[in-house]
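To keep things clear, I will list the structure first and then write my remarks on it.
Predicted model only: the values in this text are computed from it and were never measured.
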Amino acid sequence: DPRIVKFWRFPYRRLEVEAIRDSMLSASGQLRRTMGGPGVYLEIPPEVLAGNSDRNVVWPKFDEAASSRRTVYAFVKRALVVPFLEVLDVCDTTRSTELRNRTTISTQALTLFNGDFTNRQARHLAERLQREAGDDPNRQIELAYRLTLSRAVTHSELVTMQRFLADAAGPEDRRLALEQLCRVILNLNEFV
């Protein structure tokens, strides 16, 4: 059924940016589930604000705790779009349309792998794994897969991740290795 006319499976597609961001916040334990109220200001890099004539007024200082709400509460300014949202095809706020653009470009992969938001959530996820699974790498890996992919880790995945974590020497190296492991999991096709 190459044309998927019998709907025996849903074709793979990348989630919308709102779902990706919310899923990262949820997995890392940072998602604030407060409903209603005013919009939240997501992080905008200083380089983006630098080109604005009223940069001290146009966007408030970033507050991670306040901005950890669902993306539906994100404040949207037509003339100043949050780069993380824009690169992952947030809806066009300047015109009405029934479909959102869906692109596949290299900056999306780079943003998801190297961006501040993803790296911050990977750090929070690693801290959550240490808190909830202790220092046992096996338990940390198993919990990471349950929290991010909602499934058990396979044997080959477990062996690969164990090998990666085993290369870390001291406590600081182990913490950094766990963060990098979390960053990789948050970037799996299965996650996004």
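- With D135 contributing its side chain and Q130 its backbone, the two residues share no donor-acceptor pair below 3.5 Å.
- The minimum heavy-atom distance between R14 and T103, with the atom names listed, is NH1-O, 2.9 Å.
- Side-chain heavy atoms closer than 4.5 Å link hydrophobic residues (I, L, V, M, F, W, Y) into clusters, and following such links, even through other members, never connects V72 to V76.
- Using a cutoff of 4.0 Å between basic side-chain nitrogens and carboxylate oxygens, R151 and E190 are scored as salt-bridged.
- Tested against R21 for a side-chain contact (heavy atoms from CB on, under 4.5 Å), the candidates V90, L88, L42 yield a single pass: L42.
- With a 6.0 Å cutoff to the six-membered ring centre and a 45° limit on the axis angle, R120 does not count as a cation-pi contact of F117.
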Q: Dump the intermediate steps for side-chain contact (heavy atoms from CB on, under 4.5 Å) on N114 and R183, then the final yes or no.
A: CA-CA 9 Å; N114 299 319; R183 183 171 69 145; 3.5 Å; yes
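- L110 is not connected to L188 by any chain of hydrophobic side-chain contacts under 4.5 Å among Ile, Leu, Val, Met, Phe, Trp and Tyr, and they are in different clusters.
- Put simply, the side chain of R128 gets close to the backbone of A27: a donor and an acceptor are under 3.5 Å apart.
- Between I44 and P83, the closest side-chain pair of non-hydrogen atoms falls below 4.5 Å.
- Side-chain N/O atoms of H124 and E64 include a donor and acceptor closer than 3.5 Å.
- Side-chain atoms of V40 and F75, non-hydrogen and from C-beta on, never get closer than 4.5 Å to each other.
- Using a 4.5 Å cut-off between side-chain heavy atoms of Ile, Leu, Val, Met, Phe, Trp and Tyr, with links allowed through other members, V82 and L15 fall into the same hydrophobic cluster.
- Rounding to the nearest 0.5 angstrom, the gap separating the CZ atom in R100 from the CD atom in E98 is 13.0 Å.
- Using a 4.5 Å heavy-atom threshold, the side chains of D116 and E43 count as touching.
- Here the CE-CG distance, from M161 to L165, works out to 8.5 Å after rounding to the nearest 0.5 Å.
- Clustering ILVMFWY residues whenever any of their side-chain heavy atoms sit less than 4.5 angstrom apart, transitively, puts L49 in a cluster other than the one holding F62.
- Between atom CD1 of residue I20 and atom CG of residue L186 there is a gap of 11.0 Å, rounded to the nearest 0.5 Å.
- Scanning both residues, A169 and R174, for their nearest heavy atoms gives O-NH1, 2.9 Å.
- Applying the 6.0 Å contact sphere to CZ of R175 captures more than 12 heavy atoms from other residues, nucleotides or ligands.
- In this structure, V58 is a member of the same hydrophobic cluster as V81, with clusters built from ILVMFWY side-chain heavy atoms closer than 4.5 Å.
- Smallest separation of non-hydrogen atoms from F191 and I185: CB-O, 3.7 Å.
- The two residues A109 and N187 come nearest to each other via the heavy atoms O-OD1, 4.5 Å.
- No donor-acceptor pair closer than 3.5 Å links the side chain of Y41 to the backbone N or O of S67.
- Counting heavy atoms from C-beta outward, D92 and N101 have side chains that stay 4.5 Å or more apart.
- Distance alone, capped at 3.5 Å, places no donor-acceptor pair between the S26 side chain and the D22 backbone.
- Within the 4.5 Å cutoff, side-chain heavy atoms of L178 are placed close to those of Q140.
- Atom OG in S68 sits 8.0 Å away from atom CG in L31 (nearest 0.5 Å).
- When the shell of 6.0 Å around CG of D167 is examined, it contains more than 12 heavy atoms from other residues, nucleotides or ligands.
- Listed for the Q121 side chain is no donor-acceptor partner under 3.5 Å among the backbone atoms of T118.
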message: Before you tell me yes or no, could you show the steps for E16 and R102 under salt bridge (Lys or Arg N to Asp or Glu O under 4.0 Å), namely the whole-Å CA-CA distance, both residues' side-chain angles and the distance that decides it to 0.1 Å?
response: CA-CA 9 Å; E16 290 83 14; R102 233 181 357 200; 5.7 Å; no
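- Residues F164 and L181 are in side-chain contact: their nearest non-hydrogen atoms beyond the backbone lie under 4.5 Å apart.
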Side-chain donor/acceptor pairs under 3.5 Å, residues 141-150, sequence neighbours excluded:
from: T148; atom 1: OG1; to: A144; atom 2: O; distance (Å): 2.6

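- Taking CG of D173 as the start and CD of Q180 as the end, the distance is 11.5 Å to the nearest 0.5 Å.
- One N or O on the side chain of Q108 and one on the backbone of V87 form a donor-acceptor pair closer than 3.5 Å.
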Discussion item. Would R131 and E127 count as a salt bridge (Lys or Arg N to Asp or Glu O under 4.0 Å) here? Give the steps.
Written reply: CA-CA 6 Å; R131 212 174 33 251; E127 291 167 359; 5.1 Å; no
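- Under the 4.5 Å side-chain criterion, counting only non-hydrogen atoms from C-beta, T71 is not in contact with V17.
- Taking CG from L125 and CZ from R123, the interatomic distance works out to 12.0 Å, rounded to the nearest 0.5 Å.
- Counting heavy atoms from C-beta outward, L112 and M24 have side chains that approach closer than 4.5 Å.
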